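Each chain gets a letter, A, B and so on, in the order the sequences are listed, and its residues count up from 1. None of the values given here were measured: they were computed from a predicted structure.
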There are 2 protein chains.
Amino acid sequence: MVSGVPILRIDLASPRPVYEQIVSGIRALLVAGDFEPGDQLPTVRQVAVDLGVHHNTVAEAYRVLAEEGWLDLRRGKGATVVDRLEPKPTTEAKQGFAKRLEELVAKAITDGVPRSVIAERMSRVARKLGST
Amino acid sequence: MVSGVPILRIDLASPRPVYEQIVSGIRALLVAGDFEPGDQLPTVRQVAVDLGVHHNTVAEAYRVLAEEGWLDLRRGKGATVVDRLEPKPTTEAKQGFAKRLEELVAKAITDGVPRSVIAERMSRVARKLGST
């Protein structure tokens, strides 16, 4: 469990809100299976200290993840990973993914990442998803 | 040219800053080749009116795109699309892309988009990139 925390990297210099970076980072760990149902996440205070951010920021991130059905938050019990039912995707969710994917690729090309590298990375992730 | 503008959709209810949504959207259009070197982008005022946002927000987005080497901004000449040299990618750019891709996939799964749909969409974009 604790080994999961150091993988969570946030960039305080980024224009992306910190709580959003924490949400995205933990979500990626949850989807990757680094945390499993029944696992206890580190406390808000612990994560706040590790990342050097205000504990309200971490609490807000945990609340978003709880609303998404990933976490069960109980007073005094900390945050427990839930065996999550995947919701029905809305059209917005599907279209949103397609749009964000295009934008992400455009940003990578802007940053000079070769198209072949981008294509290879996406194919790899796609293969991994296809095999689960 | 003008036909490119309506494709730019922004979500005023999103927590993502509007200027960032404009930057991402136009970048995707540029990478897709919807605007070509020498093309004139609509004026800041025009885009601001079309999207219903403050013109400073659009001006800021154009400045970011100019800094990235996509646009040439000249007083009284509007914004011209530049034949852009792709920069050498930094390690941060490559790692950043990989990280954001993982986070984007995790968000889509959270929103209930089936893994097969995500994989198929990524494979399609990868194939398109590979063929250019």
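When heavy atoms are compared at a cutoff of 4.5 Å, A/Arg124 does not approach chain B at all. The contact between B/Lys88 and chain A is made entirely by backbone atoms, counting heavy-atom distances below 4.5 Å.
Side-chain contact between B/Tyr19 and B/His54 is absent, with no heavy atoms from C-beta onward closer than 4.5 Å. A 4.5 Å side-chain heavy-atom check between A/Trp70 and A/Ile26 finds every atom pair outside the cut-off.
The most heavy-atom pairs under 4.5 Å with chain B, out of A/Ile118, A/Val23, A/Val125, come from A/Ile118. Contact count versus chain B (heavy atoms, under 4.5 Å) is highest, among A/Val31, A/Ile109, A/Leu104, for A/Leu104. Taking A/Glu92, A/Met122, A/Glu120 one by one and counting their heavy-atom pairs under 4.5 Å with chain B, the maximum is reached by A/Met122. Among B/Arg100, B/Lys94, B/Glu68, the residue making the largest number of heavy-atom pairs under 4.5 Å with chain A is B/Arg100. Ranked by heavy-atom pairs under 4.5 Å with chain B, the first of A/Leu101, A/Asp11, A/Thr90 is A/Leu101. Note on B/Ser123, B/Ala98, B/Ala32, B/Ser116: by heavy-atom pairs under 4.5 Å with chain A, the leading option is B/Ala98. Ranked by heavy-atom pairs under 4.5 Å with chain B, the first of A/Pro17, A/Gly69, A/Gly96, A/Pro87 is A/Pro87.
Salt-bridge check for A/Glu102 with A/Lys99: failed, with every basic side-chain N at 4.0 Å or more from each acidic carboxylate O.
The shortest non-hydrogen separation linking B/Leu8 to B/Leu51 is O-CD2, 3.6 Å. Counting all heavy atoms, side chain and backbone alike, B/Ala61 lies closest to B/Ile22 at CB-CG2, 3.7 Å.
In this structure, a donor-acceptor pair under 3.5 Å is absent between the side chains of A/Glu60 and A/Asn56.
Between the side chain of A/Arg84 and the backbone N or O of B/Thr110 there is at least one donor-acceptor pair closer than 3.5 Å.
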